[in-house]
Protein chains: 2
Amino acid sequence: MFSMATIRDVAKQAGVSVATVSRVLNSNGYVNNETKKKVDEAIQQLNYKPNAVARSLYKKTSKTIGLIVPDIGNPFFPELARAVEDTAHKKGYNVFFCNTDENAEKEEHYLEILLQKYVDGVIVASNTLTAEKVKELNIPVVSIDRKITAEIPTVVVKNKEGAQKATGYLKEIGCERIAHLRGPHHIDNANERVDGYLEEVGNEPWFESSYIVDGNYVMKNAIQATLELLERHPEIDGIFAANDVMAIGAVKAAHRFGKKVPEELAIIGFDGISMAEATTPELTTIAQPIYDMGTAVTDLLVKLIEKKPVERTFLELEVELVERESTRKQNNKGGR
Amino acid sequence: MFSMATIRDVAKQAGVSVATVSRVLNSNGYVNNETKKKVDEAIQQLNYKPNAVARSLYKKTSKTIGLIVPDIGNPFFPELARAVEDTAHKKGYNVFFCNTDENAEKEEHYLEILLQKYVDGVIVASNTLTAEKVKELNIPVVSIDRKITAEIPTVVVKNKEGAQKATGYLKEIGCERIAHLRGPHHIDNANERVDGYLEEVGNEPWFESSYIVDGNYVMKNAIQATLELLERHPEIDGIFAANDVMAIGAVKAAHRFGKKVPEELAIIGFDGISMAEATTPELTTIAQPIYDMGTAVTDLLVKLIEKKPVERTFLELEVELVERESTRKQNNKGGR
DNA sequence: TTCTAATGTGTAACCGGTTACACACAGTAT
DNA sequence: ATACTGTGTGTAACCGGTTACACATTAGAA
């Protein structure tokens with residue numbers, strides 16, 4: 001077993017002081033060209049790699065950020081994580097990766113560890129985190145996908161607008177009874193999507209609150225909920241699901257129920273995850289710019305870490321309607 | 001702005017030396033109970049959290065591992081990553097998370113950074129890494145999903161056996177012309193799956209090599225390849241795709257081609273990703289125990305890091321046939 | 001010629017933990 | 001009484017970088 005070369009080894013080898021080696025490494029301060037050459041040679045010969053931990057200790061910065069998500073298995077997050085990691089890497093940061101399962105204790109525990117490891121900042125997708133806790137951390141924290149409080153910089157999408165777009169689109173293609181498969185009550189974006197839906201159909205003569213059914217953003221539950229919905233309201237011809245995973249569940253339920261998608265029942269999702277392209281029929285959805293969101297939060301966080309000026313700390317990105325096969329113009333009924 | 005309390009602050013507050021505080025923190029050495037109480041109080045009062053970076057520097061271990069995958073967006077990896085993170089966390093390790101896009105330079109770059117950050121070990125899913133490079137690192141490295149060389153501890157599944165199972169199953173349910181949509185030639189597991197396929201049908205009178213078509217583990221390409229395959233061999237009634245993503249592509253292609261799945265064409269995948277449950281029909285597949293694989297590599301790595309005894313350094317996990325809707329007994333033809 | 005500024009380099013303290021070693025004291029064995 | 005062992009605590013070196021400060025030399029300005 002052999003041990004890594006240190007800066008003192010390099011200094012000795014090059015016949016200079018450690019300060020000089022450090023200056024060469026970081027290209028700051030004055031260094032004679034000849035000296036630099038000697039040092040570079042020594043570095044080469046010893047295959048010297050500076051020790052980031054030692055540097056962190058003195059500089060009180062680790063060039064590391066934490067990424068806290070509920071569950072990387074949730075298909076929304078891999079793409080987000082990818083964007084975060086790509087962007088962080090581009091800016092010279094590494095990312096620590098944590099899954100909390102929306103569990104407040106686990107989250108707090110992770111934050112503590114991250115703090116002890118000197119992370120420079122944290123990106124968090126959470127609805128359990130409170131503003132006080134964040135303040136205690138004393139490092140920049142940004143929130144993605146969910147807004148926690150006004151004080152915490154946040155990147156989200158225009159949920160309400162997207163929901164309106166989705167519901168409006170169903171109306172446009174001729175749906176006359178549109179249900180909504182909503183997300184969890186404790187999640188902000190779910191409530192906003194309900195708002196958007198209501199904005200579009202809340203005043204329709206046919207509307208009643210039983211057209212909104214509870215879902216929890218997972219497939220299995222959505223299948224059951226949709227089955228019950230169709231049982232109760234066989235007249236519905238359009239469903240806006242608050243996320244793609246539930247929309248896929250709704251497609252499956254419709255299939256089991258014997259309703260043809262899109263001919264008899266149009267289904268639209270929200271998110272734009274890649275899984276939505278795997279289904280038959282492929283899912284129409286309100287696509288979030290997931291990768292861009294990841295890039296945006298990371299950019300924001302790094303600016304906060306490096307104390308660079310930030311224009312806005314609340315970014316609301318646009319969503320986009322992606323028309324695929326699960327919805328289609330319906331001319332069979334006497335549309336308006 | 002205020003700064004974190006250090007061990008010296010705690011020592012002063014408690015009226016003891018730093019050594020004693022350290023002993024209390026790590027519960028080693030002798031500490032009088034009264035003294036311990038005083039120290040604990042001081043820790044409480046100052047809200048002291050030990051600095052992991054300083055500890056790392058002295059101990060030459062960071063309680064951190066690196067996880068290198070080609071692309072977390074690839075649906076195989078989120079579940080794996082989840083398992084790795086869960087297990088690592090349980091054992092007191094954090095995980096740095098890196099995407100290489102199968103790019104050797106990027107990979108090498110990441111390894112260098114991880115090394116500088118003092119990671120204690122690395123889990124890698126790669127086919128660009130060489131044994132020499134690993135040896136240079138001087139820290140434990142384990143390989144997941146792909147075997148690199150015999151020297152590097154590895155966790156994989158029984159690819160050949162799984163492929164035989166898949167192909168055999170298609171025969172069993174009555175398929176008489178079975179094609180294989182293979183993975184990239186440079187990836188080991190793809191070749192093993194071809195071997196398994198050949199084992200089952202290579203000697204059939206009908207077999208010819210044009211029943212094996214190239215895919216690259218991505219959907220779009222698989223759709224095109226399947227379309228061409230069906231054009232060339234309209235007689236095929238079964239396809240074994242080397243991964244689920246391609247199998248989903250094959251289902252789509254069949255749909256476009258006008259072949260009914262599973263009635264006219266049975267399709268089976270490999271991997272057992274959750275996306276395979278999103279499709280209609282839901283995909284029959286050879287499921288890898290992805291989560292278990294993640295648990296197993298992480299366990300293995302941690303044992304190597306902590307120099308605990310390891311029974312075997314090459315684990316080949318079992319795969320399992322999961323029957324779903326994309327295959328079904330075919331009685332319409334005069335089966336054997 | 002003298003003063004000042006720019007260039008170049010080294011010494012040692014520092015970041016915040018851990019631990020080898022020294023030392024003191026009590027209890028027990030010889 | 002002496003030696004030895006177990007308990008309890010402090011001092012200071014150490015991990016491997018960074019940098020404040022001191023100091024020397026040279027070039028250019030006055």
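Computed from a prediction, not measured in an experiment: that's the story for all the values here. Per chain, numbering begins at 1; letters A, B, ... match sequence-line order.
- For the pair A:D86 and A:K90, the salt-bridge criterion is not met [side-chain N within less than 4.0 Å of a carboxylate O].
- Between A:H89 and B:H109 there is a side-chain heavy-atom pair separated by less than 4.5 Å.
- Of the options A:D120, A:L67, A:L137, A:V119, a side-chain contact (heavy atoms from CB on, under 4.5 Å) to A:L114 is made by A:V119 and by none of the others.
- Whole-Å rounding puts the A:N33 CG to C:dG8 C1' distance at 12 Å.
- Listed nucleotides: C:dT18, D:dT9, D:dT18. Nearest to the side chain of A:R55: D:dT18.
- B:N189 and B:Y217 share a donor-acceptor pair across their side chains, judged by distance under 3.5 Å alone.
- Within 6.0 Å of NZ in B:K38 there are more than 12 heavy atoms belonging to other residues, nucleotides or ligands.
- In this structure, A:I7 atom CD1 and C:dG10 atom P are separated by 12 Å, rounded to whole Å.
- At the heavy-atom level, A:T35 lies under 4.0 Å from the strands shown only through sugar-phosphate atoms.
- Atoms CG (A:L25) and C1' (D:dT18) sit 11 Å apart, rounded to a whole Å.
- Salt-bridge check for A:E136 with B:K49: failed, with every basic side-chain N at 4.0 Å or more from each acidic carboxylate O.
- Taking atom CG of residue B:D9 and atom P of nucleotide C:dG16, one finds them 8 Å apart after rounding to whole Å.
- Distance CZ/B:R82 to CG/A:N74: 10.5 Å, rounded to 0.5 Å.
- Note that the CZ atom of B:R23 and the OG1 atom of B:T35 stand 10.5 Å from one another [nearest 0.5 Å].
- Two residues, A:R23 and A:V53, neighbour DNA chain D, and the one matched to the more 5' nucleotide by heavy-atom proximity is A:V53.
- Within 6.0 Å of CD on A:E311 lie more than 12 heavy atoms contributed by other residues, nucleotides or ligands.
- Across its full length, the helix from C:dT1-D:dA30 to C:dT30-D:dA1 shows an angle of 50° between the axes of its 5 terminal pairs at either end, rounded to 10 degrees.
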Could you write out each protein N or O paired with an N or O of nucleotides 12-15 of chain C at a distance under 3.5 Å?
{"from": "C:dC15", "atom 1": "O3'", "to": "A:K60", "atom 2": "NZ", "distance (Å)": "3.2"}

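- In this structure, B:N28 places its CG atom 6 Å from P of C:dT19, rounding to the nearest Å.
- Candidate nucleotides C:dG17, D:dG8, D:dT19 were compared by shortest atom distance to the side chain of A:S22, and D:dT19 ranks first.
- Atom-to-atom distance recorded for A:E316:CD and A:M293:CE is 10.5 Å, nearest 0.5 angstrom.
- Here the P atom of nucleotide C:dA26 and the CG atom of B:N32 are 13 Å apart, to the nearest Å.
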* To do: Apply ring pair (Phe, Tyr, Trp, His ring centres under 6.0 Å) to the pair B:F96 and A:F97, showing each step before the final yes or no.
  => CA-CA 6 Å; B:F96 272 128; A:F97 160 60; over 10 Å; no
Enumerate the protein-to-nucleotides 5-7 of chain D contacts in which both atoms are nitrogen or oxygen and the separation is below 3.5 Å.
{"from": "D:dT7", "atom 1": "OP2", "to": "B:Y30", "atom 2": "OH", "distance (Å)": "2.5"}

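- Per the geometry, CG belonging to A:N26 stands 13 Å off P belonging to D:dA20, to the nearest Å.
- Between the CD1 atom of B:I43 and the C1' atom of C:dG17 there is a distance of 13 Å, given to the nearest Å.
- Ion pairing between a basic and an acidic side chain is recognised when a charged N comes within 4.0 Å of a carboxylate O; B:E107 and B:K133 show no such pairing.
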